[in-house]
Amino acid sequence: MLQWEQLVTHGHVRAARWRKAAPFLFWGAVAAIILGVFLALSLPDSPPSTRVAEAKNAYADAQRRAVSQYIQEIGARLSQPPQRVVQAPTPVEAQAEVTSTIEALGRTGRLPEAVTRQTPDAFWRGDWQAEGIHAVEDERSILLGHYVDVANPSYGEQPQVRRIFSLLRRDDEGTWRVYCLAVQGAQPCGSASIDPTTIPATMRGLLPAAAFEVE
């Protein structure tokens, strides 16, 4: 055996074979990549998963149903005249008091001390004083409630006491917006009316926890 042949080890042989096969392996890999891209582009688009959206919609629907059911039940009771005759303010007097309350809120960021703060349970039980404003606070939302006598004394009418629900909502600029919360049997408050079932997230903090137990 020649001397140079003795220098050719098995490692050299394997290296030579790999060098010979390298171009085929390279082009084979390129072809596989191109084929993979082609297959990916040719496959039909799979529809996005709607499970999360459906769950959110179901939760929102449950919230709206809970608000609707509670407002209907409590509204029917609160629309009844008080069991005892109360000396409620006239619409003009009541509106002046509400306007003063909102102005004070805008200046100080807090409700005046004269306003009676209540929990949602106490507020919706309807045990209000004849005069004054009652409130439920929840972050950027405040629900006001008070009595008003809509009878016209000039015609000798007997007192006709109604409840008024006003919803205050602070926007991103810090301005308080006033809405009349549409509750069955309640007296319109003179502002834009809003259906509580359309704002379930806001109402969640203004209604008793029991209102959402139907979920």
Side-chain angles (χ1 to χ4, degrees), residues 63-64 66-68 70-75 77-151 159-212:
Q63 295 261 295
R64 283 190 288 268
V67 172
S68 177
Y70 186 83
I71 291 295
Q72 287 180 7
E73 294 176 353
I74 204 71
R77 182 173 64 81
L78 294 184
S79 63
Q80 301 298 320
Q83 294 182 355
R84 57 185 178 83
V85 177
V86 297
Q87 300 297 321
T90 66
V92 174
E93 295 170 340
Q95 183 58 47
E97 189 172 359
V98 170
T99 299
S100 177
T101 297
I102 297 173
E103 290 176 349
L105 181 63
R107 290 193 306 270
T108 66
R110 294 176 287 114
L111 290 171
E113 293 298 327
V115 174
T116 302
R117 295 165 178 80
Q118 294 182 309
T119 63
D121 293 270
F123 182 92
W124 289 100
R125 266 199 313 270
D127 297 331
W128 301 355
Q129 299 296 321
E131 297 181 353
I133 298 175
H134 304 74
V136 177
E137 298 181 79
D138 181 59
E139 297 181 352
R140 298 168 60 179
S141 302
I142 300 177
L143 182 60
L144 303 181
H146 59 88
Y147 283 121
V148 63
D149 186 356
V150 298
Q160 299 178 28
V161 178
R162 299 286 187 274
R163 297 177 191 266
I164 290 183
F165 298 85
S166 300
L167 177 63
L168 313 184
R169 180 73 176 170
R170 189 179 71 240
D171 61 21
D172 294 335
E173 298 178 356
T175 302
W176 289 94
R177 307 293 181 183
V178 186
Y179 305 90
C180 184
L181 193 67
V183 177
Q184 178 181 339
Q187 183 71 14
C189 59
S191 301
S193 181
I194 186 168
D195 185 347
T197 62
T198 63
I199 50 171
T202 297
M203 294 304 300
R204 188 172 186 88
L206 302 174
L207 292 176
F212 295 91

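Just so it is clear, the values below take in all heavy atoms, side chains as well, and ignore hydrogens, waters and symmetry mates.
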- prompt: Which value, rounded to the nearest 0.5 Å, describes the distance between Leu143 atom CG and Met203 atom CE?
  reply: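 Output value for this atom pair is 6.0 Å.
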query: Could you state the interatomic distance from CD1 (Ile199) to CD1 (Ile194), rounded to the nearest 0.5 Å?
result: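 Ile199 atom CD1 to Ile194 atom CD1 measures 4.0 Å (nearest 0.5 Å).
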field: Tyr147-Arg162 side chain donor-acceptor pair, cut-off 3.5 Å
entry: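 Distance-only check fails for Tyr147 and Arg162.
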Side chain proximity check, [X] to [Y], heavy atoms < 4.5 angstrom:
{"X": "Asp149", "Y": "Gln160", "answer": "yes"}
{"X": "Leu207", "Y": "Val67", "answer": "yes"}
{"X": "Pro200", "Y": "Arg204", "answer": "no"}

Least distance between heavy atoms, [X] atom then [Y] atom:
{"X": "Val148", "Y": "Ile164", "result": "CG1-CD1, 3.6 Å"}
{"X": "Val136", "Y": "Pro120", "result": "CG1-CG, 3.9 Å"}
{"X": "Arg140", "Y": "Asp172", "result": "NH2-OD1, 2.9 Å"}
{"X": "Gln63", "Y": "Phe212", "result": "NE2-CD2, 3.8 Å"}

query: How would you list all residue pairs meeting salt bridge (charged side-chain N to carboxylate O under 4.0 Å, His left out) that involve residues 187-200, not counting sequence neighbours?
result: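 Passing the test, one end in residues 187-200: no pairs.
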message: So does Gly75 get a backbone contact from the side chain of Arg163, meaning a donor-acceptor N/O pair under 3.5 Å?
response: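 Side chain of Arg163 to backbone of Gly75, a donor-acceptor pair under 3.5 Å: no, none is there.
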task: Output yes when a side-chain donor or acceptor of Trp124 lies under 3.5 Å from a complementary backbone atom of Leu78, and no otherwise.
output: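 No; zero donor-acceptor contacts below 3.5 Å.
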Between side-chain atoms of residues 175-189 and protein atoms elsewhere (two or more places apart, or another chain), which donor-acceptor pairs fall under 3.5 Å?
{"unit_1": "Arg177", "atom_1": "NE", "unit_2": "Asp171", "atom_2": "OD2", "d": "3.2"}
{"unit_1": "Arg177", "atom_1": "NH2", "unit_2": "Asp171", "atom_2": "OD2", "d": "3.3"}

message: Parallel, tilted or perpendicular: which one describes the rings of Trp128 and Phe123, with boundaries at 30° and 60°?
response: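 Ring orientation of Trp128 relative to Phe123: tilted.
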task: Not counting sequence neighbours, which residues clear salt bridge (charged side-chain N to carboxylate O under 4.0 Å, His left out) with Arg64? List them please.
output: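 With neighbours one apart ignored, the set is Asp61.
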Which residues share a salt bridge (charged side-chain N to carboxylate O under 4.0 Å, His left out) with Arg170, sequence neighbours left out: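 Salt bridge (charged side-chain N to carboxylate O under 4.0 Å, His left out) list for Arg170, sorted by chain: empty.
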- request: Give the intermediate values and the outcome of side chain to side chain contact (heavy atoms under 4.5 Å, CB included) for residues Leu168 and Ile102.
  value: CA-CA 8 Å; Leu168 313 184; Ile102 297 173; 4.0 Å; yes
Determine all donor-acceptor pairs shorter than 3.5 Å in which one atom belongs to a side chain in residues 105-119; sequence neighbours excluded.
{"unit_1": "Thr108", "atom_1": "OG1", "unit_2": "Ala104", "atom_2": "O", "d": "2.9"}
{"unit_1": "Thr108", "atom_1": "OG1", "unit_2": "Arg110", "atom_2": "N", "d": "3.2"}
{"unit_1": "Thr108", "atom_1": "OG1", "unit_2": "Arg110", "atom_2": "O", "d": "3.1"}
{"unit_1": "Arg117", "atom_1": "NE", "unit_2": "Glu137", "atom_2": "OE2", "d": "3.3"}
{"unit_1": "Arg117", "atom_1": "NH1", "unit_2": "Val115", "atom_2": "O", "d": "3.4"}
{"unit_1": "Arg117", "atom_1": "NH2", "unit_2": "Leu111", "atom_2": "O", "d": "2.7"}
{"unit_1": "Thr119", "atom_1": "OG1", "unit_2": "Ala122", "atom_2": "N", "d": "3.2"}

List, one per line, each side-chain donor-acceptor pair under 3.5 Å for residues 88-98, sequence neighbours excluded.
{"unit_1": "Thr90", "atom_1": "OG1", "unit_2": "Glu93", "atom_2": "N", "d": "3.2"}
{"unit_1": "Thr90", "atom_1": "OG1", "unit_2": "Glu93", "atom_2": "OE1", "d": "3.4"}
{"unit_1": "Glu93", "atom_1": "OE1", "unit_2": "Thr90", "atom_2": "N", "d": "3.0"}
{"unit_1": "Gln95", "atom_1": "NE2", "unit_2": "Thr99", "atom_2": "OG1", "d": "3.3"}

